Amino acid sequence: MTDETRIAVPATAKAGTHCDLAGYEALYAQSMENPDGFWRDQIGRLDWVKTPTVMGNWSYDPVDIKWFEDGVLNASTQCLDRHLATRGDQTAIIWEADSPDAPSRTLTYRELHGEVCRMANVLKGMGVTKGDRVTIYMPMIPEAATAMLACARVGAVHSVVFGGFSPDAISGRIQDADCRFVITADAGARGGRPVPLKVNVDKALESCPGVTGVLVVRHDGKPVAMADGRDVWWHEARETVPAHCAPEPMGAEDPLFILYTSGSTGKPKGVLHTTGGYMLWANLTFHYVFDYREGEIHWCTADVGWVTGHSYIVYGPLSQGATTLMFEGIPNYPDVSRFWQVIEKHKVNIFYTAPTALRALMREGEAPVKKHDRSSLRLLGSVGEPINPEAWLWYWRTVGDEKLPIIDTWWQTETGGVLISSLPGAIDMKPGSATKPFFGVCPELVDAEGQFIEGPASGNLVLTRSWPGQMRTVYGDHERFVQTYFSTYKGMYFTGDGARRDEDGYWWITGRVDDVINVSGHRLGTAEIESALVAHPDVAEAAVVAVPHDIKGQGIYAYVTPNMGVEATEDMVKELKFCVREHISPIATPDFIHLTPALPKTRSGKIMRRILRKIAENDTSNLGDISTLADPSVVQALIEGRKNR
Ligand code: WT7
């Protein structure tokens with residue numbers, strides 16, 4: 001399998017496409033040469049209360065990013081009100097439960113509009129006003145989307161916290177965003193097991209005295225504790241309010257949501273997206289990248305707790321009047337054909353998932369896929385991490401029968417929506433390449449000094465121009481925004497990813513070049529995991545690195561130094577894993593914990609991660625220069641420790 005393998009746009013993708021190759025080239029050229037004209041042509045995709053007259057108004061040095069700044073709109077209107085006349089009775093959301101035996105649910109646009117208005121009214125009654133931050137901690141049920149849109153309707157800023165996060169992680173995010181309100185559910189279900197959401201919220205709120213109201217959706221139905229004067233049942237409150245609620249007019253640059261994501265240093269950052277630019281980007285990319293056709297059923301398997309769920313379960317599809325499928329379960333419950341069974345059951349047309357799921361399912365062979373009718377499928381998508389050519393080809397052959405286009409979409413929480421991807425009807429595919437930049441996106445490669453690298457080459461991926469969906473700041477810490485993204489290379493946005501551009505100008509994303517680990521498409525910072533480990537009273541020091549992992553893409557390898565006099569035992573390893581689960585989430589649990597009396601450090605005390613990575617990968621043939629180490633014998637001891645596992 002060479003990089004040169006090129007798969008032409010399939011005939012099925014050409015028929016009825018919104019954009020062929022000539023169209024892509026013309027629009028891309030316009031977006032580069034005349035960005036103002038390009039965006040003026042696109043703003044009509046949204047319903048504005050006041051149409052903006054200014055398009056992009058941004059600078060990367062000093063950092064100040066604005067798009068459509070004099071425009072006024074409401075995000076929920078784009079997703080609901082404007083569809084009522086034309087598609088009020090069309091299904092907006094299909095919900096599929098964790099268990100195939102439970103009935104599925106559907107909501108039409110009219111029903112969803114009513115639910116959102118009611119929840120908006122309930123939120124107002126609880127005291128939520130424009131600009132308030134509201135934490136949403138929900139299972140994958142339609143009420144999660146209702147909650148996001150209800151916040152948008154009243155002008156509140158939602159902060160969705162993934163339902164797999166621990167009470168500690170929830171309270172940290174509530175405190176950082178200074179939230180006074182939480183929307184949650186009694187419990188969720190995943191793979192046949194309950195997820196105790198309300199219990200987790202109650203624990204989290206022990207350290208969040210500022211929270212005055214909790215709206216609780218009944219889903220699981222089992223009893224939960226309800227705090228008097230603070231907790232409100234949604235099913236009761238919704239009966240007391242009207243199904244109409246005027247949308248709050250929002251400035252294009254008013255915040256729409258905060259979403260916490262891990263970086264290479266410190267605690268997770270509150271990535272802030274604003275209303276106009278984000279909505280246009282979600283809508284435009286959904287239209288072109290998924291090449292969405294009227295009446296189609298779109299299924300993005302992500303959780304709404306991640307940006308993928310925000311943009312391609314909720315805001316992109318609903319703003320386009322699509323039917324979006326929400327699935328509460330997991331790919332291998334009750335068995336490994338669950339995805340394909342759901343596709344058959346709901347006649348899914350667009351399927352968007354993560355490489356880690358494909359790699360896990362690939363191991364199970366063809367039979368679980370082939371036994372289901374997949375003839376409804378038109379498009380396959382991948383997101384979250386680099387897709388290896390083997391997994392790509394399995395997707396292409398086994399799932400798509402060599403007929404369906406595959407879009408490998410590269411983007412980030414920070415970018416709001418897709419930045420590099422093929423357009424299905426326009427761009428030939430190469431297995432493992434995200435292919436070409438979307439309209440308005442200008443990727444470049446730079447070397448360590450920030451010099452541009454031309455032609456086919458590898459380097460660090462930067463973006464030299466702003467696009468409307470770009471994050472605007474880190475909530476409450478603009479300096480951190482500037483430092484994190486614009487200080488490595490002045491005047492450019494640094495993605496944190498490495499990439500290669502080939503002879504055809506195709507982009508191949510090679511993965512993070514900073515201290516961020518991508519475990520099954522979940523982004524984790526080494527610093528965050530280290531701080532969870534050192535929270536254990538017997539730990540002196542910890543250093544975490546990534547190791548290649550067959551299914552997860554990357555695994556977590558943690559070196560931990562116990563305090564003097566503490567014995568390194570298997571029990572301690574267990575306790576440390578537990579500690580990470582409690583502080584962050586089970587997804588952050590280290591695959592390996594290597595207890596060691598010392599870590600390799602320079603004489604100035606800096607931990608040499610390069611060496612730790614090599615040892616973790618069992619690649620000790622070329623450790624490079626270790627003469628700068630304060631105590632070179634530490635390395636030999638670590639290699640011995642690695643051999644013994
Ligand atoms: C990081 C962003 C995009 C939404 C979900 C993840 C990696 C993402 C791809 C892809 C190679 C990818 C990058 C990026 N990544 N998509 N198609 N090919 N790498 O969002 O949690 O903010 O993570 O995920 O390393 O920087 P996120």
Side-chain angles (χ1 to χ4, degrees), residues 160-162 164-165 257-264 268-273 278 281-282 285-286 289 300-316 352-359 380-389 391-392 395 406-422 429-438 441 443 458 460-463 469-471 474 484-485 488 493-500 506-525 528 546 552-554 585 587-588:
V160 183
V161 176
F162 171 54
F165 277 129
F257 66 85
I258 302 168
L259 192 54
Y260 284 84
T261 193
S262 301
S264 46
K269 298 180 284 280
V271 167
L272 186 119
H273 284 285
Y278 171 81
W281 196 255
T285 52
F286 183 71
V289 176
C300 162
T301 68
D303 192 283
V304 287
W306 312 116
V307 75
T308 314
H310 282 55
S311 302
Y312 301 114
I313 294 176
V314 181
Y315 289 112
Y352 190 38
T353 197
T356 187
L358 298 173
R359 286 192 296 265
L380 304 174
S382 171
V383 61
E385 46 175 324
I387 181 165
N388 46 314
W392 196 102
Y395 208 17
I406 295 180
I407 49 167
D408 172 8
T409 61
W410 174 83
W411 57 295
Q412 311 178 301
T413 306
E414 293 87 339
T415 72
V418 175
L419 295 198
I420 302 182
S421 169
S422 63
M429 300 172 277
K430 294 190 185 187
S433 167
T435 79
K436 299 275 182 164
F438 191 70
V441 175
S458 296
N460 294 329
L461 180 64
V462 297
L463 301 161
Q470 180 165 30
M471 74 182 282
V474 169
T484 307
Y485 303 102
T488 318
Y493 170 86
F494 178 41
T495 61
D497 279 315
R500 183 164 68 80
Y506 274 52
W507 291 88
W508 301 72
I509 312 297
T510 46
R512 303 290 303 200
V513 294
D514 55 6
D515 289 319
V516 168
I517 307 186
N518 192 326
V519 181
S520 302
H522 301 316
R523 180 166 156 182
L524 296 158
E528 212 185 330
K552 300 197 248 183
Q554 291 190 314
S585 159
I587 56 179

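We count residues from 1, following the sequence as given. The shown structure was predicted, so the numbers you read here are calculated from the model rather than taken from an experiment. In each ligand, atom 1 is the first atom listed, and ligand 1 is the first ligand listed.
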Could you check whether any heavy atom of Gly384 sits closer than 4.0 Å to an atom of ligand 1, since that is the contact criterion I want to use?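 For ligand 1, residue contact (heavy atoms, under 4.0 Å) with Gly384 is present.
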Measuring from non-hydrogen atoms of Trp410 to any atom of ligand 1, is the shortest distance under 4.0 Å?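 In this structure, Trp410 qualifies as a contact of ligand 1 - some heavy atom is under 4.0 Å.
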Between [X] and ligand 1, which residue portion shows a heavy-atom distance shorter than 4.0 Å: side chain, backbone, both, or neither?
X      : answer
Asn518 : side chain
Thr409 : backbone
Glu385 : backbone
Thr413 : both

May I ask you to check whether Asp497 has an N/O atom sitting below 3.5 Å from an N/O atom of ligand 1?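 N/O-N/O distance under 3.5 Å: yes.
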Check: Asp408 N/O within less than 3.5 Å of ligand 1 N/O: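 Checking ligand 1 against Asp408, an N or O pair does fall under 3.5 Å apart.
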If we count only N and O atoms by modelled type, under 3.5 Å, do the side chains of Thr285 and Tyr312 hold a donor and an acceptor together?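 Distance-only check passes for Thr285 and Tyr312.
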Between Thr409 and Tyr352, do the side chains contain an N or O donor and an N or O acceptor separated by less than 3.5 Å?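 Tyr352 and Thr409 do have a side-chain donor-acceptor pair below 3.5 Å.
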Backbone N/O of [Y] and side chain of [X]: donor-acceptor pair under 3.5 Å:
X      : Y      : result
Glu528 : Pro268 : no
His273 : Ile258 : no
His522 : Asn518 : no
Thr495 : Leu461 : yes

Can you list the ligand 1 atoms lying under 4.0 Å from a non-hydrogen atom of [X]?
X      : answer
Val307 : 4 (C)
Thr308 : 4 (C), 5 (C)
Ile509 : 11 (C), 19 (N)
Arg523 : 2 (C), 21 (O), 22 (O), 23 (O), 27 (P)
Val383 : 3 (C), 4 (C)

Rounded to the nearest 0.5 Å, what separates atom CG in Leu259 from atom NE2 in His310?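 Separation between the atoms: 4.5 Å.
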Hey, what do you get for CD (Glu414) to CG (Leu463), rounding to the nearest 0.5 Å?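 Result: 11.0 Å between the selected atoms.
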Taking the six-membered ring for Trp, are Tyr278 and Phe257 closer than 6.0 Å centroid to centroid?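 They qualify: ring centres under 6.0 Å apart.
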With a 4.5 Å cut-off on side-chain heavy atoms, are Tyr260 and Val161 touching?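 Heavy-atom side-chain distance check fails, nothing below 4.5 Å.
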Can you pull out the closest protein heavy atom to atom 3 (C) of ligand 1? Residue, atom name and distance to 0.1 Å, please.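 It is Trp411 O, 3.1 Å.
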Looking only at protein heavy atoms, which one is nearest to atom 11 (C) of ligand 1, and what is the separation?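 Going atom by atom, the protein heavy atom closest to atom 11 (C) of ligand 1 ends up being Pro386 N, 3.1 Å.
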